[in-house]
Amino acid sequence: MGDHDGFITQLYLFVITFIPCEVNHSNSKMLLLYNAGIRLYFAAIWCASFFNKKAKLWIKGRKESNFISYPESIWFHFASLGEFEQGRPVLEQMRGLYPGRKFVITFFSPSGYEIRKNTPLADAVYYLPLDTARNAREFIDAIQPKLAVFTKYEYWYHFFNEAYRREIPLYIISSIFRPGQVFFKWYGGLHRKMLGFVSHFFVQDGLSKQLLQNINITNVTVSGDTRFDRVWANAQQPKQIPAIAEFKAGHKIFIAGSTWPQDELLLAGLVSLYPGWKFIIAPHEIGEEKIDKLMGLLPNNSAVKYSQLTTHHSPLTTHQTLVIDNIGMLSSLYQYGDIAYIGGGFGAGIHNTLEAAAFGLPVIFGPNYARFKEAHDLVELQAGFSIADETQLKEITGKLINKGLC
């Protein structure tokens, strides 16, 4: 199963707790529980769709899918936008190697599909159907893949089983494993069986390889994290944004990327402490209500939305804080920054720290980074700093500024 963001993640985590397995359960009994959990998950998302925008898109997008037949296509699947960017270097290389092939992309999350549904890197982009045996058969019948590539976290029993049954090679790239995952638990027999359907694993580190070998999976290569390829390429030729250069105007800039409300509460108290600095905040969610709430947290008349720069020609020099109310700019914004804060660390987990680090920025993030090897590496190198509250955020920021480390 996948790792996903926001409200849909919380529903998934809630539902999955209702699928415990006894030691003596056979895989067939565990599969019954798995199928029940998938349907319960769908029911939870359906109920949520009446009041949650992402859940509504999740349901609507799958209902409206119309699959096109592409014999011997190459299928790439991503959980969300972050995994798309992570797997993008491989996707681009594959398109170069197989120019005559059709490429099909699937997403689990609306935050991936809605932003990349028109990407020129694919001939067709779909939501991944719910993981049932029937859906797996019908979807694979439709796109007829020659091979499939999944990125990092996505494990779906029926899609994997169907690919294996039809002898379609299935590769997992940039995967990473931890001892606490279900694959290595006494009740993880079904999930270990899923791993057996994979043709080859390309893992990020030696620990992942060792964990797989401990359960007799040897078709493993340590190849690192493809996000490094992506962020390095982006840092070499970043997209220039003249409005941001004008906003900077010789000032130091603190950039907060992929922030959630918990992060924004802490950041709001930082702005008034450093009147000589400029701040850019790029929230993870950009709905009007979310943006208005963020604007309300900031000192009066100190902030301007990016959309206002073009619609009202607001003078940039009069504002200390710029709020990014669109999607797709963040990876290019970091070139203008001096300190970065990455959101998500007070929720399910931090977002992409590497995009900022690739530009040489010190990176600050919340406490929930245990699952992210790159964040541990940054902390060890003293290029990344974890904070637990507003006081620590102010302390770390002050040290970076006063010691001239940014």
Side-chain angles (χ1 to χ4, degrees), residues 76 78 80-99 103 105 112 115-116 118-122 149 151-152 173-174 176 202-205 222-258 278 280-282 284 306 322 324 326-344 350-365 372-385 400 404-406:
F76 272 77
F78 308 102
S80 191
L81 183 61
E83 287 75 21
F84 173 83
E85 293 300 328
Q86 184 171 25
R88 184 170 179 165
V90 179
L91 173 59
E92 291 174 338
Q93 287 289 322
M94 290 284 284
R95 284 196 68 93
L97 289 172
Y98 301 100
F103 280 73
I105 288 176
I115 296 170
R116 294 296 183 224
N118 296 316
T119 176
L121 293 174
V149 181
T151 300
K152 195 174 182 178
I173 62 172
S174 289
I176 189 164
F202 295 91
V203 299
Q204 293 187 27
D205 57 19
V222 178
S223 58
D225 188 344
T226 52
R227 281 182 301 173
F228 286 94
D229 301 86
R230 178 61 183 157
V231 300
W232 175 254
N234 178 66
Q236 300 313 297
Q237 294 182 313
K239 179 182 177 181
Q240 301 299 306
I241 310 174
I244 304 300
E246 183 184 347
F247 175 73
K248 183 177 176 72
H251 291 81
K252 296 280 190 175
I253 293 188
F254 186 110
I255 298 181
S258 301
K278 294 288 187 83
I280 296 177
I281 303 177
H284 180 68
Y306 185 82
L322 179 62
I324 307 298
N326 61 38
I327 296 294
M329 291 178 60
L330 184 56
S331 63
S332 298
L333 288 177
Y334 291 120
Q335 67 183 297
Y336 300 99
D338 298 280
I339 298 176
Y341 177 96
I342 307 301
I350 58 173
H351 291 279
N352 192 337
T353 56
L354 294 176
E355 288 180 335
F359 287 101
L361 275 62
V363 182
I364 305 170
F365 40 81
F372 301 89
K373 181 180 182 299
E374 68 279 5
H376 287 278
D377 292 340
L378 287 170
V379 170
E380 185 176 340
L381 292 168
Q382 298 185 5
F385 307 88
L400 291 171
L405 299 177
C406 55

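The analysis underlying the following values was restricted to heavy atoms, covering all of them including side chains, and did not include hydrogens, waters or symmetry mates.
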Donor-acceptor contact below 3.5 Å, side chain [X] vs main chain [Y]:
X: Thr119; Y: Leu121; result: yes
X: Glu355; Y: Val231; result: no
X: Tyr336; Y: Ile241; result: yes

Quiz prompt | Pair Arg230-Glu85, salt bridge (charged side-chain N to carboxylate O under 4.0 Å, His left out): steps then yes or no | solution = CA-CA 7 Å; Arg230 178 61 183 157; Glu85 293 300 328; 2.9 Å; yes
Other residues, nucleotides and ligands only: do more than 12 of their heavy atoms fall within 6.0 Å of [atom1] on [X]?
X: Glu92; atom1: CD; value: yes
X: Gln236; atom1: CD; value: yes
X: Gln237; atom1: CD; value: no

Can you give me the closest heavy-atom contact between [X] and [Y], atom names plus distance?
X: Phe103; Y: Tyr98; answer: CE1-O, 3.7 Å
X: Glu83; Y: Phe78; answer: O-CD2, 3.2 Å
X: Leu330; Y: Ser258; answer: CD2-OG, 3.5 Å

Could you measure the distance from the [atom1] atom of [X] to the [atom2] atom of [Y]? Nearest 0.5 Å is fine.
X: Ile281; Y: Phe254; atom1: CD1; atom2: CZ; value: 8.5 Å
X: Ile324; Y: Ile280; atom1: CD1; atom2: CD1; value: 5.5 Å
X: Leu81; Y: Gln86; atom1: CG; atom2: CD; value: 11.5 Å
X: Arg88; Y: Arg95; atom1: CZ; atom2: CZ; value: 11.5 Å
X: Leu381; Y: His376; atom1: CG; atom2: NE2; value: 13.0 Å
X: Ser174; Y: Phe228; atom1: OG; atom2: CZ; value: 9.5 Å

Quiz prompt | Phe84 vs Leu91, side-chain contact (heavy atoms from CB on, under 4.5 Å): CA-CA, chis, key distance, verdict | solution = CA-CA 9 Å; Phe84 173 83; Leu91 173 59; 4.1 Å; yes
Quick one: does [X]'s side chain get under 4.5 Å of [Y]'s, heavy atoms only?
X: Asn234; Y: Tyr334; value: no
X: Asn352; Y: Ile342; value: no
X: Phe202; Y: Val90; value: no
X: Lys152; Y: Gln204; value: yes

Practice problem: With side-chain contact (heavy atoms from CB on, under 4.5 Å) as the test, would you mind laying out the steps for Leu400 and Phe385 before giving the verdict? | Solution: CA-CA 10 Å; Leu400 291 171; Phe385 307 88; 3.9 Å; yes
Quiz prompt | Verdict with reasoning, Asp338 to Lys248, per side-chain contact (heavy atoms from CB on, under 4.5 Å) | solution = CA-CA 11 Å; Asp338 298 280; Lys248 183 177 176 72; 3.3 Å; yes
Practice problem: Test Trp232 against Leu354 for side-chain contact (heavy atoms from CB on, under 4.5 Å), laying out the working first. | Solution: CA-CA 9 Å; Trp232 175 254; Leu354 294 176; over 6 Å; no
Quiz item: What pairs with Ile350 under side chain to side chain contact (heavy atoms under 4.5 Å, CB included), at least two apart in sequence or on another chain?
Solution: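 With sequence neighbours excluded, Ile350 shows a side chain to side chain contact (heavy atoms under 4.5 Å, CB included) to Thr353, Phe365, Tyr369, Phe372, Ala375, given in chain and number order.
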